[in-house]
Amino acid sequence: MYVILIYDIKTDEKSPRIHRNIFKICKKYLTNVQKSVFEGELSRAEELKLKMELKPFIRKDKDSIVIFKSRSNKWLDKEFWAMEDDKTSNII
């Protein structure tokens, strides 16, 4: 499945460490397209591994992660409204 993952970490004294860990874990599985936005292809097993790795760092009362899922990136229309920087494009 193709996913777009967005996270938001509440800013406080612990947020730099949490943000760093969340970023590193997401980068293992997906392509970073903007500051807190990742996208890419994940199997169901990879999705579960990602979720389990993120779980210890997410503060349920302060932080959020949203995952949009699609069967394939073919079902998404990507449109840039400013600078175009398509890091997930496979076209050379």
Side-chain angles (χ1 to χ4, degrees):
M1 88 188 93
Y2 199 81
V3 303
I4 298 172
L5 181 147
I6 301 167
Y7 66 84
D8 188 22
I9 307 300
K10 184 176 180 178
T11 303
D12 59 19
E13 70 280 351
K14 293 182 179 179
S15 64
R17 184 183 66 83
I18 292 171
H19 189 278
R20 190 173 45 252
N21 287 322
I22 299 291
F23 185 89
K24 282 182 184 177
I25 293 167
C26 289
K27 196 161 176 78
K28 282 174 41 181
Y29 296 92
L30 300 165
T31 301
N32 179 230
V33 291
Q34 286 195 354
K35 196 172 182 178
S36 301
V37 180
F38 291 82
E39 69 178 69
E41 197 76 35
L42 284 181
S43 67
R44 180 70 179 135
E46 290 170 328
E47 180 193 12
L48 291 173
K49 284 177 63 178
L50 173 62
K51 188 175 183 179
M52 292 304 294
E53 287 185 45
L54 291 175
K55 195 173 182 178
F57 300 104
I58 299 300
R59 300 169 297 177
K60 289 184 177 182
D61 58 334
K62 296 179 180 178
D63 308 324
S64 72
I65 294 181
V66 179
I67 298 178
F68 299 94
K69 299 177 184 178
S70 176
R71 283 182 270 162
S72 164
N73 64 344
K74 295 175 186 173
W75 297 95
L76 295 173
D77 290 327
K78 189 184 294 186
E79 183 177 318
F80 294 90
W81 288 5
M83 184 178 79
E84 188 169 328
D85 187 11
D86 193 1
K87 295 175 183 171
T88 58
S89 174
N90 293 328
I91 299 170
I92 298 176

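Both backbone and side-chain heavy atoms feed into the values below; hydrogens, waters and symmetry mates do not.
Partners of Lys27 by salt bridge (Lys or Arg N to Asp or Glu O under 4.0 Å), not counting sequence neighbours: none found.
The CD1 atom of Ile22 sits 11.5 Å away from atom CG of Asp8, with the distance rounded to the nearest 0.5 Å. Annotation: the span from Glu53 atom CD to Cys26 atom SG amounts to 9.5 Å, rounded to 0.5 Å. The line from CZ of Arg20 to CZ of Phe57 is 10.0 Å long, rounded to the nearest 0.5 Å. Taking CG from Asn21 and CD1 from Ile9, the interatomic distance works out to 10.0 Å, rounded to the nearest 0.5 Å. Between Ile4 atom CD1 and Thr31 atom OG1 the span is 11.5 Å, to the nearest 0.5 Å. Note that the NZ atom of Lys10 and the CZ atom of Arg59 stand 8.0 Å from one another [nearest 0.5 Å].
At a threshold of 4.5 Å between side-chain heavy atoms, the hydrophobic network of Ile, Leu, Val, Met, Phe, Trp and Tyr places Tyr29 and Ile58 in one connected group. Linking ILVMFWY side-chain heavy atoms closer than 4.5 Å, directly or via other members, places Met1 and Leu5 in a single hydrophobic cluster. Side-chain heavy atoms closer than 4.5 Å link hydrophobic residues (I, L, V, M, F, W, Y) into clusters, and following such links, possibly through other members, connects Tyr2 to Val37. The hydrophobic cluster containing Leu48 does not contain Leu54, counting ILVMFWY residues as joined when their side-chain heavy atoms lie under 4.5 angstrom apart, directly or transitively. Both Ile65 and Val3 are members of a single hydrophobic cluster when ILVMFWY side chains are connected at heavy-atom separations under 4.5 Å.
Ion pair Lys49/Glu46 not flagged as a salt bridge, since none of the NZ, NE, NH1 or NH2 atoms sits closer than 4.0 Å to an Asp/Glu carboxylate oxygen.
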(request) Could you check Phe38 against Phe23 for ring pair (Phe, Tyr, Trp, His ring centres under 6.0 Å), going step by step and ending with a plain yes or no? (result) CA-CA 9 Å; Phe38 291 82; Phe23 185 89; 5.4 Å; yes
(message) As a quick check of understanding, evaluate side-chain contact (heavy atoms from CB on, under 4.5 Å) for Lys62 and Ser15, giving each step before the final call.
(response) CA-CA 10 Å; Lys62 296 179 180 178; Ser15 64; over 6 Å; no
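Looking at every heavy atom in both residues, Glu47 comes nearest to Leu42 through CA-CD1, 4.1 Å.
Heavy-atom contacts from other residues, nucleotides or ligands closer than 6.0 Å to CG of Asp61 number more than 12.
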